[in-house]
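Worksheet: one structure, shown below.
Numbering starts at 1 and runs along the sequence shown.
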Amino acid sequence: MNLNYNNLLSALSLALDVQEYKNMGHARRVAYISLRISEMLNLNEEESKKVYYSAFLHDIGKGDIYEDFDTDEWWKHSERGSEIVKKLPFGENFSDIIRYHHENYDGSGYFKLNGDSIPLGAQIVFISDQFDIRYTSLAGKESEYNIRNNIKECIKSGTGKMFNPVVANALLDLTRQEKFWLDYKFFDIKTILKRIEPKDMVSIGINELEDIAETFAQIIDNRSRFTYNHSRGISNLAYNMAKVIGYDEEVTRKIKIAGLLHDLGKLAIPNSILDKLDKLTEEEFMVIKSHTYYTKEILKEIGGIDDIAEWAANHHEKLDGSGYPEGLKGDEIGEIDRHVAVCDMYQALTEDRPYRKGLEPKQAIDIIAKLVKDNKVSGESLEILKEVVL
């Protein structure tokens, strides 16, 4: 396995952007602006890559805990994000950019850094982030002409206070280019990024992919206080089943990663639904069902791991066609998809929830056995699971 790190971070930035459907494409637009500023400032390839990676993941700290941005604790996502990226391949190289990407140039930010003591990359990501937040807050409310003028005035008024004058002037120079605005607004920003991204691509293998999957599994599971370690539990079950079956080492590792990422799309589900104590309404269940769709779409954007994407996203499909999101049935559901499905059921049944204590292994197996009789899940998968847990 040899994946493109840029593609992977771009896809995972989408996972962060879909959180409760807020500001879709935000990270990619921030990456675009940041790269263009880096170009204006003649940053070398290595520094440009750090800025690029940071822009994609600058909000990774928001993935597990939501702050009220009207409080004094809005800054915490920056600090938390800087620690999270240290667990990712090469993350140590840009951790400080994420930590300080909300620092004000005049020293009035939370960490009280000022001027050149703030990493230049952080200053670039900060102004790019503020640009996109301002633009999207006005879109649909003001004309394009007024939005552009508003943003330019905000940059000018923030220069020397919020923004480094050199960085701000570079961005103002960019705003004089019609191409900059049209690229920024283009419906397929991913294509625009491909043309300008650093060309010295970093490749990653299965070990690095597993590190990334572990990090995102933690973010996913921490979204709800009721699902702590859910993804890791399924990953371990699926991995142990794969060992029993005798798959080769690469397939076994991929299955483990699929388990870690199977609920990636739950970042798009509001906490009000994830944490609901009562039975979901039909409308709420409709929203829940979308998480498997997002899991597959995000993972397939990475390229080169379509097998993992299928195994991760098909865990709610049923043999009789009653599952979701695609209503696959029978042989349309792959062998490994079926194994991950029973792992998901077993893990959910044996976990403590606010409305019930987790079931004993035998009780959970008996419930799944009834679903086998109803042609919902694979009996073969259940037998292998029993070897692992009983």
Side-chain angles (χ1 to χ4, degrees), residues 1-15 53 84-91 200-221 229-266 292 294-317 326 328 331-347 377-378 380-389:
M1 175 183 290
N2 193 16
L3 302 178
N4 182 301
Y5 194 54
N6 289 12
N7 288 352
L8 190 143
L9 292 191
S10 176
L12 294 179
S13 75
L14 178 60
Y53 300 157
I84 291 172
V85 298
K86 287 179 182 178
K87 303 172 187 175
L88 303 180
F90 322 110
D200 181 18
M201 303 299 187
V202 178
S203 295
I204 68 168
I206 197 162
N207 291 335
E208 291 84 4
L209 181 60
E210 188 172 326
D211 289 341
I212 291 169
E214 284 276 2
T215 300
F216 272 81
Q218 180 181 349
I219 292 171
I220 297 159
D221 289 351
N229 267 346
H230 176 75
S231 297
R232 285 193 179 89
I234 290 171
S235 177
N236 290 334
L237 286 172
Y239 178 77
N240 290 330
M241 284 180 65
K243 287 289 191 182
V244 168
I245 295 166
Y247 292 129
D248 65 41
E249 181 62 19
E250 181 173 348
V251 172
T252 301
R253 295 281 299 283
K254 285 183 173 182
I255 291 170
K256 184 178 185 181
I257 291 167
L260 289 168
L261 296 174
H262 79 288
D263 272 348
L264 183 60
K266 277 195 175 172
T292 49
Y294 285 113
T295 293
K296 185 175 291 189
E297 291 303 309
I298 292 165
L299 293 179
K300 286 205 168 184
E301 279 217 18
I302 295 170
I305 59 166
D306 283 3
D307 48 2
I308 293 176
E310 294 289 335
W311 302 338
N314 291 342
H315 62 279
H316 282 296
E317 299 290 354
E326 298 179 53
L328 303 177
D331 292 341
E332 294 174 334
I333 304 172
E335 178 182 287
I336 295 174
D337 303 350
R338 302 179 188 203
H339 301 335
V340 176
V342 297
C343 291
D344 182 61
M345 290 178 184
Y346 178 85
Q347 184 67 23
V377 299
S378 165
E380 181 182 354
S381 297
L382 177 58
E383 291 305 312
I384 299 166
L385 176 67
K386 286 161 70 172
E387 288 189 48
V388 172
V389 301

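- Ser235 contributes no side-chain N or O that, together with a main-chain N or O of Gly259, makes up a donor-acceptor pair within less than 3.5 Å.
- Between Val342 and Leu385, the shortest heavy-atom distance links the atoms O-CD2, 4.0 Å.
- One distance of note links CG of Leu299 with CG of Asp307; it measures 10.5 Å at 0.5 Å rounding.
- Residues Trp311 and Ala258 approach most closely at CB-CB, 3.9 Å, considering heavy atoms.
- When all heavy atoms are compared, the tightest approach of Leu3 to Gly303 is CD2-O, 3.4 Å.
- Across Asn240 and Val388, no two heavy atoms sit closer than the pair CB-CG1, 3.8 Å.
- To the nearest 0.5 Å, the span separating CG on Leu261 from OG1 on Thr295 amounts to 8.0 Å.
- Here Tyr247 contributes atom OH and Lys254 contributes atom NZ; the two are 13.0 Å apart, rounded to the nearest 0.5 Å.
- Considering CG of Leu14 and CD1 of Ile302, their distance stands at 10.5 Å, rounded to 0.5 Å.
- Just one residue in the list Arg232, Lys87, Lys256 forms a salt bridge (Lys or Arg N to Asp or Glu O under 4.0 Å) with Glu210, and that residue is Lys256.
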*Where do Glu326 and Thr292 land on the side-chain contact (heavy atoms from CB on, under 4.5 Å) test, with the steps shown first?*
CA-CA 9 Å; Glu326 298 179 53; Thr292 49; over 6 Å; no
*Any chance you could lay out the side-chain hydrogen bond (donor to acceptor under 3.5 Å, both in side chains) test for Asp263 and Ser231, step after step, and finish with the verdict?*
CA-CA 7 Å; Asp263 272 348; Ser231 297; 4.9 Å; no
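- Outside the 6.0 Å centre-distance limit, the rings of Phe90 and Tyr53 are not counted as a close aromatic pair.
- Aromatic rings of His230 and His262 (six-membered ring for Trp) have centroids within the 6.0 Å cut-off, being under it.
- Of the possible donor and acceptor atoms, none in the side chain of Glu317 sits under 3.5 Å from a partner among the backbone N and O of Ile333.
- Every pair passing salt bridge (Lys or Arg N to Asp or Glu O under 4.0 Å) that includes a residue from residues 335-346 is listed here, sequence neighbours excluded: Asp331-Arg338.
- Distance CD1/Ile384 to NZ/Lys243: 15.0 Å, rounded to 0.5 Å.
- Taking each heavy atom of Met241 and Ser381 in turn, the nearest pair found is CE-O, 3.5 Å.
- Rounded to the nearest 0.5 angstrom, Leu260 CG and Tyr239 OH are separated by 12.0 Å.
- Smallest separation of non-hydrogen atoms from Leu209 and Ile204: N-CD1, 4.3 Å.
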